[in-house]
Amino acid sequence: MAKPNLHFLSFLFFFAALLALFKCTLSLINPEDVPSWLALEETEEVNMVQTQRDSWKKCDFSVGKWVFDQTYPLYDSNCPYLTTAVTCQKNGRPDSDYEKWKWKPLGCSIPRFDALRYLGKMRGKRIMLVGDSIIRNQWESLVCLVQGVIPTDKKRVTYNGPLMSFHAMDFETSIEFFWAPLLVELKKGSDNKRILHLDLIEENARYWKGVDILVFDSAHWWTHSGQTTSWDYYMEGNSIITNMNSMVAYEKGLTTWAKWVDLNLDPRKTQVVFRSMSPRHNRQNGWKCYNQRQPLQYFSHLHVPEPLVVLKGVLKRMRFPVYLQDITTMTAFRRDGHPSVYSKVISEVEKKKQGSDCSHWCLPGVPDIWNEMLSAWL
């Protein structure tokens, strides 16, 4: 009979002692010191969301290339929920290839959007997109992606102040857009001046409670300067601030948002996504979007916009598990996807006088891919 391995037995006794010590240490933790949604036994689903930032590294949707696909787009510009400004074909744009590019991540793929499957997943749920006109762009895209499979008498749009909702009645699903380009509160003061309250958010946030999936964006309005800004001065508490670096203000506003999410939302009931900044293409050095027919093939150097750096910093400090949908670099290639001068029907003479919209997106187009990514994540 073989003699027992003394080294192996010693290791087993040491491991058992260490395990007992670990269990003892755990028992000393005060449950009141841990947020209720972290102290649960059934945390498998919560952990999946909490580790989202790391687990998606296996399939990083933000890194890849655009490939031409003749089977796109997934709907046409006759979708009744599109605003005139994004129906570039109807407004006279002569080319349509910008509708046919699909994003192919490295090492994985994004499933083609399936409206019935999506509505099945969203049955009985509310999804709300919150932010500026770029996320309104994305809301119109999402509504057009699903509406074609719903009978006319089973869909409708309702309005409630800053909230606009598309209802798929048979699925008891709503796809909503809430106008809050700065997330925090912008108010008129007694002197008729516009005040941006960096530490107030409840007037907007009260609409977000009870929503199953919240998708946020906020960046463009914070980068406006001079006469294009939407406020005259900032306020924090009772302090009036007339001059502040825009990215410092952005971080303060996002931090107010982050604190509200941490204190008011439960990740067992609500999933939160923050979509990163959608790039503009209105710079002089080859980035002007007018008459562009192809995506950029490469960048001479990769530029990470400052708002994205600020956003990542705020999200890292949050307790609530927010999924960062990073579309910034992939969208930067798409200088061809903007309305440019085709945001309305105009003559050739007027085109030369009109400015070029290189911020918003033609539909069908780039935001459809953001929604395919979002659907795959959900």
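All residue numbers in this chain count up from 1 along the given sequence.
Between Trp101 and Phe333, the distance from one ring center to the other does not fall under 6.0 angstrom. When ring centroids are compared, His338 and His360 stay outside the 6.0 Å threshold. A distance below 6.0 Å separates the ring centres of Trp231 and Tyr234. Ring to ring, Phe274 and Trp257 are close: their centroids are under 6.0 angstrom apart.
The shortest heavy-atom contact between Arg335 and Cys289 is O-CB, 3.4 Å. In plain terms, the two heavy atoms of Ala249 and Trp222 that are nearest each other are O-CZ3, 3.4 Å. Smallest separation of non-hydrogen atoms from Leu363 and Asn137: CD1-O, 3.4 Å. Across all non-hydrogen atoms, the minimal contact from Pro367 to Trp361 is CD-CB, 3.5 Å.
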- Worked verdict on Glu251 versus Arg317 for salt bridge (Lys or Arg N to Asp or Glu O under 4.0 Å): CA-CA 12 Å; Glu251 183 173 24; Arg317 294 192 294 273; 3.1 Å; yes

- Task: Would you please test Arg112 and Thr71 for side-chain hydrogen bond (donor to acceptor under 3.5 Å, both in side chains) and show each step?
- Result: CA-CA 10 Å; Arg112 187 181 179 88; Thr71 67; 2.9 Å; yes

- Task: Give the intermediate values and the outcome of side-chain contact (heavy atoms from CB on, under 4.5 Å) for residues Leu254 and Tyr250.
- Result: CA-CA 6 Å; Leu254 282 183; Tyr250 181 52; 3.5 Å; yes

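By the 4.0 Å N-to-carboxylate-O rule, Lys252 lies close enough to Glu236 to be salt-bridged with it. Asp266 has a carboxylate O that lies under 4.0 Å from a charged side-chain N of Arg268, or vice versa, which qualifies the two as a salt bridge. Salt-bridge formation is not detected for the pair Arg293/Asp336: no Lys NZ or Arg NE/NH1/NH2 atom is positioned less than 4.0 Å from an Asp or Glu carboxylate oxygen. For the pair Glu172 and Lys125, the salt-bridge criterion is not met [side-chain N within less than 4.0 Å of a carboxylate O]. Residues Glu202 and Lys209 are paired through a salt bridge, judged by an N-O separation under 4.0 Å between the basic side chain and the carboxylate. Here Asp69 does not pair with Lys100 in a salt bridge; the nearest charged N to carboxylate O distance is not below 4.0 Å. In this structure, Asp232 pairs ionically with Arg194, as a charged nitrogen and a carboxylate oxygen lie closer than 4.0 Å.
Taking the six-membered ring for Trp and thresholds of 30 and 60 degrees, Phe113 and Tyr118 have ring planes inclined between 30 and 60 degrees apart. Taking the six-membered ring where the residue is Trp, Trp377 and Tyr323 present parallel rings, their angle staying beneath 30° rather than reaching 60°. Taking the six-membered ring where tryptophan is involved, the planes of Tyr207 and Phe178 are tilted, since the angle between them lies from 30° to 60°.
Under a 3.5 Å cut-off, the side chain of Asn91 and the backbone N or O of Thr87 do form a donor-acceptor pair.
Using a 4.5 Å heavy-atom threshold, the side chains of Tyr81 and Glu140 count as separate.
By the 6.0 Å and 45° rule, Arg136 does not stack over the aromatic ring of Trp179.
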